[in-house]
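Heads up, the thing below is written out as structure tokens.
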Protein chains: 2
Amino acid sequence: MVAAEMSTRHGERCPLDSTLKILDGKWKSIILCRLMQQKEMRYSEILQTLSGCTRRMLSLQLSQLETDHIIKKEIDTSFVPIKTSYHLTELGQSLVPIIKEMDIWGQMYLDTLCKIKNS
Amino acid sequence: MVAAEMSTRHGERCPLDSTLKILDGKWKSIILCRLMQQKEMRYSEILQTLSGCTRRMLSLQLSQLETDHIIKKEIDTSFVPIKTSYHLTELGQSLVPIIKEMDIWGQMYLDTLCKIKNS
DNA sequence: CGGGATCCCCCCAGATACTG
DNA sequence: CAGTATCTGGGGGGATCCCG
């Protein structure tokens, strides 16, 4: 289930869950990282930067992000082979600051774990 | 796998993943929400506020959060029956601002989805 | 009271092959 | 090039029972 399908029958759960649902997926966080760095990317271009990700999985993750209105797909059918590209929507852009903070916190967390382990 | 078991062989993945791993779990976000509101809670007390959560799942989620050094368990064995309580660690506290922002963003997101659906 | 152990089912994701 | 279709197994999570 993608975040867009969440209804209010989960009312007892916090809106926080909607945010986590969007990011929930084996490759979504790293895909978003890529699209933050380079605002427009081709399907195969993303695939190359994701070592270990199958085409099937990439398609699934991208389509879920699109369903959730976080990214947008552009298709150029004027030529063969078809070219598609992906970029963040405005909604997706609004998530960037939070993603960056989570990234910074994650770094601090890993450092802290190291210290704990060595003490 | 809990976040604490993540090693640097996932180097190509962003630290963001560590943060998401910590929050990844069916009940973790809502458990953290509870512990943010009420700093000290009993096992059964948490369980009551989580409709649909089994004891098995609560135990699993709590133990993972503890392994990741986000919460701490206190056990009082001086009486029978045993009393346990949980509270956020310092590390867990440091995550609170980000959780709050994700909650706020999630609310905005749900509102935006509503507008999109009605247009 | 606060769990752990076990069994079992279902879904996620990998592998592989096919297509507009 | 950018995906879909199908098959399959492994693990997450529910139900149930047991324990200090």
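Residue numbering restarts at 1 for every chain, and letters A, B, ... go by the order of the sequence lines.
Hydrophobic clustering of Ile, Leu, Val, Met, Phe, Trp and Tyr side chains at less than 4.5 Å, counting indirect connections, unites Val96(A) with Ile70(A).
Going from atom CZ of Arg34(A) over to atom CE of Met36(A) covers 11.0 Å, rounded to the nearest 0.5 Å. For the atom pair Met57(A) CE and Ile31(A) CD1, the distance stands at 8.5 Å (nearest 0.5 Å). Leu35(B) contributes atom CG, which lies 8.5 Å from atom CG of Leu65(B) (distance to the nearest 0.5 angstrom). With values rounded to the nearest 0.5 angstrom, Gln61(A) atom CD is found 11.5 Å from Ile30(A) atom CD1. Cys14(A) contributes atom SG, which lies 10.0 Å from atom CE of Met102(B) (distance to the nearest 0.5 angstrom).
Summarising the geometry, the separation between CD1 on Ile75(A) and P on dA2(D) is reported as 11 Å, rounded to the nearest angstrom. In this structure, the CG atom of Asp76(A) is 11 Å from the P atom of dA2(D), given to the nearest Å. Between the CD atom of Glu45(A) and the P atom of dA2(D) there is a distance of 9 Å, given to the nearest Å. The distance between atom CD1 of Ile71(B) and atom C1' of dG2(C), rounded to the nearest whole Å, is 14 Å. The separation between Tyr43(B) atom OH and dG20(D) atom C1' is 15 Å, rounded to whole Å. Here dG3(C) presents its C1' atom at 13 Å from CD1 of Ile46(B), a figure rounded to the nearest Å. Between the NZ atom of Lys83(B) and the P atom of dG20(D) there is a distance of 22 Å, rounded to whole Å.
Between dA2(D) and Tyr86(A), no contact under 4.0 Å exists linking OP1 or OP2 to a side-chain N or O. For the OP1/OP2 pair of dG3(D) and a distance below 4.0 Å, the side-chain nitrogens and oxygens of Lys73(A) include at least one atom meeting the criterion. The phosphate of dG14(C) has OP1 or OP2 within less than 4.0 Å of a side-chain N or O from Lys26(A). Checking the phosphate oxygens (OP1, OP2) of dA2(D), a side-chain nitrogen or oxygen of Ser44(A) falls inside 4.0 Å.
Contact check for Leu88(A) versus Leu95(A): no side-chain heavy atoms found under the 4.5 Å cut-off. In this structure, the side chains of Leu16(A) and Ser29(B) come closer than 4.5 Å at one or more pairs of heavy atoms. Residues Leu47(A) and Arg55(A) meet the side-chain proximity criterion, which asks for heavy atoms closer than 4.5 Å.
A donor-acceptor pair shorter than 3.5 Å cannot be found between the side chains of Ser85(A) and Arg42(A). A donor-acceptor pair shorter than 3.5 Å cannot be found between the side chains of Ser94(A) and Tyr109(B).
Side-chain atoms of Tyr43(A) do not come within 3.5 Å of backbone N or O of Tyr86(A) as any donor-acceptor pair.
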Could you list, one pair per line, each protein nitrogen or oxygen that sits under 3.5 Å from a nitrogen or oxygen of nucleotides 18-20 of chain C, together with the distance?
none

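Rounded to 10°, the helix from dC1(C)-dG20(D) to dG20(C)-dC1(D) has 50° between the axis fitted to its first five pairs and the one fitted to its last five.
Using a 4.0 Å cut-off on heavy atoms, the residues of residues 56-69 of chain A that approach DNA chain D are Arg56(A), Ser59(A), listed by number.
The side chain of Thr84(A) lies closest to dA2(D) when the candidates are dG2(C), dA2(D), dG14(D).
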